[in-house]
Engineer: 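Quick one: the structure is below, questions incoming.
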Protein chains: 2
Amino acid sequence: MLNYISEETHPAPVNLELLTERLKVLAEPKRLLIFNLLMEGVQCNCELGDSLQIPPNLISHHLSKLRAVGLVNVERDAVDSRWVYYSINRAALEELNAAFGAFFDPNRIQPRQPKCGPQALVIPSEISVAKK
Amino acid sequence: MLNYISEETHPAPVNLELLTERLKVLAEPKRLLIFNLLMEGVQCNCELGDSLQIPPNLISHHLSKLRAVGLVNVERDAVDSRWVYYSINRAALEELNAAFGAFFDPNRIQPRQPKCGPQALVIPSEISVAKK
DNA sequence: AATATAGTTCAACATATATTGAATTATATT
DNA sequence: AATATAATTCAATATATGTTGAACTATATT
């Protein structure tokens with residue numbers, strides 16, 4: 001696991017570890033397609049596999065990754081418990097949306113503050129003069 | 001490259017291929033830290049490496065990935081072209097934000113529409129009755 | 001009780017990519 | 001001209017993870 005050591009001097013507006021974890025899971029073509037189908041309310045393993053032409057064991061694998069980061073819920077059919085239904089975890093999705101929006105907010109972009117390069121030698125003194 | 005074949009029957013609200021590509025690049029701990037620093041206006045390879053305790057060649061590698069998907073811009077120092085300055089591509093970031101927000105919008109979540117499982121045998125006929 | 005069904009788990013394999021150290025490029029300094 | 005500097009490129013390696021086929025679990029049906 002990575003040491004987010006720069007957090008001390010350069011704090012990010014969100015939990016970077018959690019954000020990375022979730023993005024990693026979502027940044028996979030087939031999982032994003034599965035996620036898209038779940039957004040539409042499709043839920044059993046079989047239908048996901050049929051729609052995407054992916055074998056059920058692979059669907060299982062990808063769903064378990066999505067579950068592991070809390071983005072997807074599971075539920076067994078009350079009548080016939082062989083069927084398993086998957087759904088989007090709305091709270092987790094809202095959390096993800098908020099975190100993503102906060103971290104990748106274009107308004108966070110700051111202009112260059114040169115601490116290296118030729119200008120770094122010049123500008124600091126100019127600033128200190130300007131301040132007085 | 002994956003065939004986004006389900007696009008026909010289950011269209012996503014955004015270009016999934018581009019979104020996956022960019023998320024893949026961002027879903028890496030060190031790159032997210034680099035990105036965070038760039039948001040603060042830090043830009044040369046050397047300072048990124050110093051802050052994050054990462055060798056310059058590895059910084060180069062990660063920056064090239066970020067550049068490859070258009071999220072980061074490059075510029076050489078006008079006075080001393082040995083220095084290279086990196087910055088966030090604001091337009092790309094705005095595009096990414098919009099796409100992410102559209103795809104992961106919690107309001108897109110639909111209730112289950114059973115097409116398989118025990119209830120699938122019952123409900124369709126009920127619907128057709130209800131429609132008449 | 002035997003068989004069928006929905007789904008998961010497992011081990012083996014394939015593939016992608018992060019990491020490392022050395023070599024290279026291009027420019028600036030002495 | 002020789003050396004130093006900032007950064008990139010390259011080949012080799014390590015690591016993570018998607019994919020596959022077979023075995024397995026649990027429940028339902030006949």
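Since we're looking at a predicted model, the values are computed, not measured. To find a chain, count down the sequence lines: A is the first, B the second, and so on, and within it residues start at 1.
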Engineer: Please report, rounded to the nearest Å, how far the P atom of dG7(C) is from the NE2 atom of H62(A).
Structural biologist: 16 Å
Engineer: Ignoring hydrogens and geometry, is there a side-chain-to-backbone donor-acceptor pair from Q43(A) to Y86(A) under 3.5 Å?
Structural biologist: yes
Engineer: Identify, residue by residue, the members of residues 41-49 of chain B with a heavy atom below 4.0 Å from DNA chain D, and return them in order of residue number, or none.
Structural biologist: C44(B), N45(B), C46(B)
Engineer: Choose from dT19(D), dT17(C), dT19(C) the nucleotide whose nearest atom is closest to any side-chain atom of K30(B).
Structural biologist: dT19(C)
Engineer: So what does R31(B) hit on the nucleic acid, given a heavy-atom distance under 4.0 Å: a base, only sugar-phosphate, or nothing?
Structural biologist: sugar-phosphate
Engineer: Mark yes or no for a side-chain to base donor-acceptor pair under 3.5 Å between N57(A) and dG7(C), with no hydrogen or angle criteria applied.
Structural biologist: no
Engineer: For DNA chain D, which residues in residues 79-86 of chain B have a heavy atom at a distance below 4.0 Å?
Structural biologist: R82(B), W83(B), V84(B), Y86(B)
Engineer: Tell me, which pairs form a ring-ring contact (aromatic ring centres under 6.0 Å, His included) where one or both residues lie in residues 54-81 of chain B, sequence neighbours left out?
Structural biologist: none
Engineer: Ignoring hydrogens and geometry beyond distance, is a side-chain donor-acceptor pair present between N36(A) and R108(B) at under 3.5 Å?
Structural biologist: yes
Engineer: Return the nearest nucleotide to the side chain of H61(A); candidates are dG18(D), dG21(D), dT20(C).
Structural biologist: dG18(D)
Engineer: Once you round it to whole Å, what is the distance between P of dA16(D) and CD of E21(A)?
Structural biologist: 14 Å
Engineer: Report yes or no: is the cationic atom of R76(B) (NZ for Lys, CZ for Arg) under 6.0 Å from the centre of the six-membered ring of Y85(B), at an angle within 45° of the ring normal?
Structural biologist: no
Engineer: Are R22(A) and E95(A) ion-paired here, with the side-chain N under 4.0 Å from a carboxylate O?
Structural biologist: yes
Engineer: Quick one about N73(B) and R90(B) (side-chain donor to acceptor, distance below 3.5 Å, no hydrogens or angles considered), yes or no?
Structural biologist: no
